[in-house]
Amino acid sequence: MIFSLVLLSFTRFFITHNHNLSIGVTLDLAFSIPVIHALLSTRSKNLKYSTALFFTIGLIVASFIIPKSNQFLLHQVKAWMVPVVELCSIVFFIVQTQKIRSRQSLLKKNDDDFYTVFKLVSKELLPPRLTSIITAEIAAFYYGFFNWHKVAYSDKTFSYHKKTGIISLIGVFIFMILIETFVFHLLLQKWSGKVAWIVSGISFYAVLQAFGIARSILKRPIQINDDRLVIRYGILAETTIDLKDIISAEIYNKQSVTGENLRALSPFKKLEEPDIILNLSQPYYIEGIYGSRKIFDQLLISIDEKEVFLKQFRELSGTNSGTCTAKQQ
């Protein structure tokens with residue numbers, strides 16, 4: 001129907017009677033097509049998203065095919081309907097968030113970690129393919145500019161950035177982007193001012209994302225809970241393992257590697273030397289940024305207080321010293 005309305009807008013009949021037809025085309029694109037889609041669609045799970053998508057596409061198409069002088073009804077729809085849709089979306093998001101927070105016991109186990117909660121909420125509200133992208137982008141801004149509370153480290157909460165120097169590395173990366181952006185902006189400005197500002201805007205956005213990722217490494221520690229080990233690397237990677245499924249936790253050396261699915265949690269594994277290797281009785285998955293998943297049965301991690309971690313792990317997991325070893329390299 002959208003395609004047929006677009007074709008109609010190029011006909012002589014539409015050009016001759018564009019004043020009256022513009023009203024009908026606007027109503028069809030903004031209301032008739034979304035309603036017909038809602039009535040005929042068999043996918044009830046994502047119906048609200050697809051209907052909203054058709055409504056948005058209809059407004060965009062109408063903005064292009066209807067003459068500017070005849071967009072009076074379209075302006076009214078944008079002025080009244082768009083705010084209503086936005087308000088309903090916000091209310092729906094808040095209500096669903098409260099429902100999820102009230103029924104998810106997982107929140108207590110993760111100390112109300114924002115990224116964990118946000119992903120749970122988004123999975124209830126958004127299509128799966130969009131969830132990982134949107135949560136990662138928003139979380140980077142949250143940790144970069146809105147999360148300023150200090151993490152309280154303890155014998156169950158561990159940092160992993162102090163010895164690796166990864167924060168300094170990201171800082172150097174940000175500095176290099178800023179310098180290159182400034183130079184390229186001056187060069188592109190001579191050719192096209194618009195292109196120069198677009199490229200600079202993209203680069204500045206990358207800087208903001210990198211800054212948020214760096215701060216998420218500071219704000220999302222590794223935690224040992226009552227029966228689980230929550231392992232994070234900022235918003236870049238994470239996994240949660242039941243303690244009963246960990247055969248052993250050892251100080252890493254090359255002789256410790258025996259499994260086929262050996263993985264390093266850190267995306268910068270070539271730049272960091274891991275401290276500890278976890279051997280599991282069954283495979284688990286690392287959840288990476290933007291929804292990537294990697295299977296493992298041996299996991300390499302970095303922990304600043306590795307001896308404290310191993311001691312606490314023994315106590316909570318109930319393993320003896322022969323099972324949870326801590327051999328020096």
Next item on the list: Under the side chain to side chain donor-acceptor pair (under 3.5 Å) rule, what do Glu272 and Tyr233 come out as? Steps first, then yes or no, please.
Entry: CA-CA 13 Å; Glu272 298 181 3; Tyr233 199 96; 2.4 Å; yes

Distance from [X] atom [atom1] to [Y] atom [atom2], nearest 0.5 Å?
X: Leu208; Y: Phe145; atom1: CG; atom2: CZ; answer: 4.5 Å
X: Phe118; Y: Ile138; atom1: CZ; atom2: CD1; answer: 3.5 Å
X: Ile241; Y: Ile286; atom1: CD1; atom2: CD1; answer: 8.5 Å
X: Arg215; Y: Phe211; atom1: CZ; atom2: CZ; answer: 5.5 Å

Margin query: Is the ring pair Tyr205/Phe141 parallel, tilted or perpendicular, if the boundaries are 30 and 60 degrees?
Written below: tilted

I need the minimum non-hydrogen distance between [X] and [Y], along with the two atoms involved.
X: Tyr290; Y: Ile133; value: CD2-CA, 3.8 Å
X: Leu188; Y: Ala196; value: CB-CB, 3.7 Å
X: Arg220; Y: Thr116; value: NH2-OG1, 3.5 Å

Check: Is Phe204 reachable from Phe182 through a run of hydrophobic residues whose side-chain heavy atoms are each under 4.5 Å from the next?
Finding: no

Note to self: Please say yes or no: joined through hydrophobic side-chain contacts below 4.5 Å, possibly via intermediate residues, are Phe173 and Leu169 part of one cluster?
What the structure shows: yes

Item checked: Result of checking Thr240, Leu243, Asp242 against Leu229 for side-chain contact (heavy atoms from CB on, under 4.5 Å) -> Leu243

Check: Should Phe296 and Leu280 count as side-chain neighbours, where that means a heavy-atom distance under 4.5 Å?
Finding: yes

